[in-house]
Peer 1: 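Input: one structure, supplied below.
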Amino acid sequence: MTVKEYLTQLVKMGGGLPLAAIAHNQIEEVKIGFNLDLAQVRLLAGVLKTNTSVKKLDLSDCGMSYKGCSSLSLALTSWLLKLANISIH
């Protein structure tokens, strides 16, 4: 994904998903109440990888596909290890 495509996706998703707040560690709770497509899941995964402020992530209403879950799983693992201050070498 190019930078232009990434920014376009951020603008499209801005109304429903607080990517900037997640990316800048300005939010503690995130609840996704709409269906996410694979591109949106990848954007969410990207910002969660470096996030340190989110303590609660509710994806129960996002209708994520199996592919979406697979894409998000690595980011969530990295995110949780960072929150727990665990490093793997």
Side-chain angles (χ1 to χ4, degrees):
M1 177 178 285
T2 67
V3 172
K4 182 179 178 182
E5 291 170 336
Y6 177 75
L7 292 173
T8 301
Q9 280 291 73
L10 285 177
V11 170
K12 285 181 184 177
M13 292 176 56
L17 194 59
L19 293 177
I22 296 169
H24 294 103
N25 297 307
Q26 298 172 337
I27 191 169
E28 291 187 6
E29 293 187 15
V30 177
K31 177 171 176 44
I32 311 297
F34 57 92
N35 288 343
L36 295 175
D37 63 29
L38 190 54
Q40 291 170 316
V41 171
R42 288 180 176 155
L43 286 171
L44 178 61
V47 295
L48 281 173
K49 282 182 184 178
T50 58
N51 178 275
T52 57
S53 66
V54 173
K55 305 296 183 225
K56 181 178 180 182
L57 179 63
D58 183 348
L59 302 172
S60 61
D61 295 327
C62 73
M64 195 181 316
S65 68
Y66 177 76
K67 277 188 174 183
C69 290
S70 295
S71 294
L72 192 57
S73 66
L74 289 175
L76 289 177
T77 300
S78 171
W79 176 63
L80 290 171
L81 290 172
K82 185 180 295 184
L83 286 178
N85 201 21
I86 298 171
S87 61
I88 298 176
H89 302 279

Peer 1: Can you pull the salt bridge (Lys or Arg N to Asp or Glu O under 4.0 Å) pairs that have at least one residue in residues 57-66, sequence neighbours excluded?
Peer 2: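 Pairs touching residues 57-66 that pass the test: K31-D58, K31-D61.
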
Peer 1: Quick check for you: to the nearest 0.5 Å, what is the distance between T52 atom OG1 and I22 atom CD1?
Peer 2: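 If I round to the nearest 0.5 Å, the distance is 12.0 Å.
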
Peer 1: Roughly how far, to the nearest 0.5 Å, is SG of C69 from CG of L38?
Peer 2: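 Here the rounded value is 10.5 Å.
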
Peer 1: Could you measure the distance from the CG atom of L43 to the OG atom of S71? Nearest 0.5 Å is fine.
Peer 2: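 Between atom CG of L43 and atom OG of S71 there are 11.0 Å.
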
Peer 1: Checking the side chain of K67 only, and the main-chain atoms of M64 only, is there a donor and an acceptor separated by less than 3.5 Å?
Peer 2: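 Looks like no, no N/O pair under 3.5 Å.
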
Peer 1: With a cut-off of 6.0 Å (strictly less than), are more than 12 heavy atoms of other residues, nucleotides or ligands near NZ of K55?
Peer 2: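 Result for NZ/K55: enclosed.
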
Peer 1: For N51, which of N25, V30, L57 qualifies under side chain to side chain contact (heavy atoms under 4.5 Å, CB included)?
Peer 2: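 With N51 as partner, side chain to side chain contact (heavy atoms under 4.5 Å, CB included) holds for just one option, N25.
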
Peer 1: Check whether L44 and F34 end up in the same hydrophobic cluster, where Ile, Leu, Val, Met, Phe, Trp and Tyr are linked by side-chain heavy atoms less than 4.5 Å apart.
Peer 2: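 The answer is yes; both residues are in one hydrophobic cluster.
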
Peer 1: Quick one: closest heavy-atom pair of V41 and G68, and the distance?
Peer 2: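 Minimum heavy-atom separation between V41 and G68: CG1-O, 3.2 Å.
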
Peer 1: Ignoring hydrogens and geometry, is there a side-chain-to-backbone donor-acceptor pair from S53 to I27 under 3.5 Å?
Peer 2: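 Confirmed, S53 side chain pairs with I27 backbone.
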
Peer 1: Within this structure, what is the CG-CG distance for the pair L59 and L76, rounded to the nearest 0.5 Å?
Peer 2: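 If I round to the nearest 0.5 Å, the distance is 7.0 Å.
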
